[in-house]
Structures are given as C-alpha cells and as structure tokens.
Amino acid sequence: MADETSFDLIVIGAGPGGYVAAIRAAQLGLKTACVEKRETLGGTCLNVGCIPSKALLNSSHLYEEAAHGLERHGIKTGKVGFDLSVMLANKDKVVGDLTKGIEFLFKKNKVTWLKGKAEIVKAGSVKVTGEGGKAATYAAKSIMIATGSDVARIPGVEIDEKRIVSSTGALALAAVPKHLVVIGGGVIGLELGSVWRRLGAEVTVIEYLDTILPGMDGEVAKQMTRSLTKQGFKFRLGSKVLTAKSSDKGVALRVAPAKGGDGEDITCDVVLVAVGRVPYTHGLGLKSAGVEMDERGRIKTDAHFRTNVPGIYAIGDVIIGPMLAHKAEDEGVVCAEIIAGQSGHVNYDAIPGVVYTHPEAAAVGKTEEELKKAGIAYRAGKFPMSANSRARANGDTDGFVKVLADAKTDRVLGVHIVGPDAGTLIAELALAIEFGASAEDIARTCHAHPTLNEAVKEAALAVDGRPIHI
Ligand code: NAI
C-alpha cells in the first residue's frame, strides 16, 4: 500500500492559491497533499468571497434592469419583484457546485485532501487535527503556506454576523435592510453595498480617507463616486466610526470627522464592516517553526516564495502584495514549479484589479499618482465610453479608458477603465503589459467593430493625440 503519511509537498489551505498550487505540483509529478479545515474546498474566494458575491451582483443587476432598465427598450414587464430566499439559494448552489468541482479536480490529479487544521511542527512535519480532535502527523519534503486572510476589525465595532456583519454575513442577510451602513469605501463595501442598494436598501458608506477606492487611480475613484452617487449611494468621506451599538431595533453608530471634532449619531438596520483584511496565520505554529514575519503580520519571503526556514514556502494573502485570488493563483503555480525544480517568476506589474460594481472599475499597472510620485515622464490617452458606439447602442455609457505610456519609449505603464465589462476589457491590457507593448502597438491592432474594446484602441490612439471618434 502506498505510504499516505509522507508527501513531496503539503500545501496548507485550499483557497485559489493553495488548491491551484496543489494541482500544478501534482501535474509536475510531486506527491501532493492539501490541508483544509473547512467542509468544502475553495477557501474564502469560492465559499464566502468572489463567487457568492458575483452571483448576488448578477442577480441583483438583473432585478434592477428588469425593474427599471427595460422600459426604454420598449419591453413591458408589469410589476417586477424578487424572492430573496431563492436568490440566496441560487448563490449557494453556484458555490456548492464549484467547490465540488475542486474536489473532482483533486481526485483527477491525485491530490490528497487532508481534512483538518494544520500546524507546522517544524520544517518537514505537519500535524493535522481533524474532526473530534483526532490528530495525525505527516512528513513533507516541502511545505507551502497558503492560508489566506481574515476580516480586519475595528475597535468599538463588534462583528456578530447578524446586525454588524463582515462580508460573510452580508452575503446571507435574511431580509433587505432598510438602511445599510458600510464602513470602508473599498472593493467589498462598494460591491456588497451595490447588491443591497439594488434590492432596495438605502446605503451609506463611511470612509476614513477623503476618497473611495484609495489604491486606484484618482480619476477612477472620482468617476466611481459620481456613478454610484447617481445610483443612490451616500458617501461620508473623511469620517470614522467611534462606536456601534447593536440592539433588537438596529444599530446606533457614533460617527466623527477623521481629523477629529464633534461626532453625530446615525442609526441603521445593518452595518457592514469592510475595512480590509489581515493575513491569517493564527495557530499555524510559525513562531515555534522559526518563520519570520514582517511588522504587518505577513510572512516574509524572497522572490521564490521561500521563507527564512528551508523547505517552508508561502504564497497569496499571507505574504506581501494585493490580496487578490488571481495573484495568489499565479504565485501558487510559480511556487509549485520552483519546488519541482523549474524556474519561474510572477510579473507584479501585470496583475489586474477589478471592482465588480456597475459600471465596473478595472486597472493594471501604475496609476497616474504612482507615476508622478516616481518621477516617471508619461503620456496619457483618455477616451470616454459615451463616444463608443457599442456602449451607446447598449445605453451604458458611464466611464472611460485611460492608457498611460512612457513619454520616451511609448511602453504601456498602466491602464485604467471604468465602464461596462471593464473587468473583461482589462485582460487585453494585462497581456499588453506582459508583452511589453507600446500604446502604438495597441492602436495598430485591429479591434472588432462595434465592441467596447474599441474604446481601448481609441485611448491608445489618444496617447499620441490622434483618436478618431472624439
Ligand atoms: P479595501 O482595502 O479594498 O478597502 C478598505 C477601505 O476601508 C479603504 O478605503 C480604507 O481607507 C477604509 N478604512 C479603513 N479603516 C477604516 C475605518 N476605521 N473607518 C472607515 N474606513 C476605513 O478592503 P475591503 O474592501 O475590505 O476588501 C478586502 C480585500 O479583499 C482587499 O484586499 C480586496 O482587494 C479584496 N477583495 C477583492 C475583490 C475584487 O477583486 N473584486 C472583491 C472583494 C474583496
């Protein structure tokens, strides 16, 4: 019988970073196990993150279109309503099917799922505690930590997942709140705020900084503020929540200017805390294994994902960089290849980021603010969606494409898009950056007509001051 207690590689965590790494390692012939304590594979992304939120964003968008968007097309529907329990059940089915899909992929690739919570005993040894506290220890030539991240909390605001919820609770509210207060104007706040606003909630976003989406290009943040305000979002920028008191009736919040000064009270039914995420390393035994962390609780690695302890690697949300599923996936693949003796690297300049609101916001590469700060001379070409024929035919014209290219070499340094399907449009630009394309390369590439992608081509032409349609 095969030895089921020793492996070439044990991956800890079966999120998009860990499960993809495990499959890639198995493809390369490594005897691989993946430890996961959740009942289902897929981590935060599949279970309580990207996938369920996209299911609800799609359902709520369809409802909003049916209720308010079809009339102008001459489509008559009568009164449109929705059944929240069916909507939530549909989301749960999508999640269930996809997580089972990963189980299938594990079997197909002969990855062993070790069910339980992992603790690194030392390099080469992992203890897994399963149901009922039963523990077993496994040997591994290499260990890859892919445990992801957890919700960041703020003092004075205790998450109970009923009235004061994290993104997990906000994906499963039993009823549409009358008034939803979102703390944090980042990706989660705007996406889940959009879901409940479309279903009828009044949504107030309380953001500490003077802008929403602080990491994104300034013009994107401005456009998104305009578009979402038009949809009914209320933004209280430069504000902080001092306390949140939950009762049977709702939640009473004390809100004050971030810079200090008099506070005021706001009441609501539900509060969503969306102020970021923190690396999840609790109980992993990192201290006793001697794994070094940085001042923000992230595991320190070199460019090959090696920690300071030989044989222990780390990828994804537990290390430096954006907390994105696809960044973790790419790191997982490259790390598995390096462990298998190949070489590889991740190009951090070509990792797209997408906010799945409507319109969507998407970006790859550097923002104008970053280029200015770094003193890099650039040329910007911008094209509005309102001048794109397909966007007009669809009646969906909020947004723009902005291409930033090196002033001397014309190499594309960053692209920022607000608009319908921006998350799909950005793929072309990630490829452009990966291939070291110039704005001229994009401008000279034939783009099908009529498509939204033509706005990308026009923005690339605008870098050289020669767009056709504006
Ligand atoms: P985030 O970092 O995107 O946004 C957090 C926001 O909260 C920031 O604007 C910040 O200034 C603000 N903030 C921080 N402390 C605050 C306070 N005390 N009071 C008021 N505002 C405060 O984090 P978010 O939205 O929680 O998302 C967590 C992670 O999940 C992010 O790394 C994000 O990239 C990832 N994610 C990605 C998605 C996507 O790719 N579409 C979707 C959802 C999450």
Tabulate below the donor-acceptor pairs under 3.5 Å that side-chain atoms of residues 354-364 make, not counting sequence neighbours, or state none.
{"residue": "Thr357", "atom": "OG1", "partner": "Pro359", "partner atom": "O", "Å": "2.8"}
{"residue": "His358", "atom": "NE2", "partner": "Asp396", "partner atom": "OD1", "Å": "3.0"}
{"residue": "His358", "atom": "NE2", "partner": "Asp396", "partner atom": "OD2", "Å": "3.0"}
{"residue": "Glu360", "atom": "OE1", "partner": "Ala422", "partner atom": "N", "Å": "3.3"}
{"residue": "Glu360", "atom": "OE1", "partner": "Gly423", "partner atom": "N", "Å": "2.8"}

Partners passing salt bridge (charged side-chain N to carboxylate O under 4.0 Å, His left out) against Asp265 (at least two apart in sequence or in another chain): Arg254

Under 3.5 Å side-chain donor-acceptor pair for Glu368 and Tyr378: yes

Stepwise side chain to side chain donor-acceptor pair (under 3.5 Å) test for Thr211 and Glu207: CA-CA 7 Å; Thr211 173; Glu207 166 58 49; over 6 Å; no

Thr40 versus Asn47, side-chain donor and acceptor atoms under 3.5 Å: yes

Side chain to side chain contact (heavy atoms under 4.5 Å, CB included) involving Ser166 - partner list, sequence neighbours excluded: Val151, Ile159, Glu161, Thr168

Enclosure of Lys54 NZ (heavy-atom neighbours >12, cutoff 6.0 Å): yes

Residues forming a salt bridge (charged side-chain N to carboxylate O under 4.0 Å, His left out) with Asp97, sequence neighbours excluded: Lys93

Residues that Phe233 engages under ring pair (Phe, Tyr, Trp, His ring centres under 6.0 Å), provided they are two or more places apart: Phe235

Side-chain H-bond candidate by donor/acceptor type, Glu331 with Tyr313, under 3.5 Å: no

Contacts of type side chain to side chain contact (heavy atoms under 4.5 Å, CB included), residue Ser246, not counting sequence neighbours: Asp160, Arg163, Ile164, Val251

Residues Arg298 and Asp317 bridged, charged N to O under 4.0 Å: no

Step-by-step side chain to side chain contact (heavy atoms under 4.5 Å, CB included) determination, Thr32 to Thr112: CA-CA 6 Å; Thr32 307; Thr112 305; over 6 Å; no

With sequence neighbours excluded, residues passing salt bridge (charged side-chain N to carboxylate O under 4.0 Å, His left out) with Glu434: none

Pairing residues for Phe82 by the ring pair (Phe, Tyr, Trp, His ring centres under 6.0 Å) criterion, not counting sequence neighbours: Tyr63

Over 12 foreign heavy atoms within 6.0 Å of CZ, Arg296: no

For Ser247, all residues meeting side chain to side chain contact (heavy atoms under 4.5 Å, CB included), sequence neighbours excluded: Lys249

Pairs touching residues 193-203 that satisfy salt bridge (Lys or Arg N to Asp or Glu O under 4.0 Å), sequence neighbours left out: Glu64-Arg197, Glu202-Lys234

Residue pairs, two or more places apart or on separate chains, that pass salt bridge (Lys or Arg N to Asp or Glu O under 4.0 Å) and touch residues 214-230: Asp217-Lys402, Glu219-Lys382, Glu219-Lys402, Lys230-Asp398

Partners passing salt bridge (charged side-chain N to carboxylate O under 4.0 Å, His left out) against Lys300 (at least two apart in sequence or in another chain): Glu292

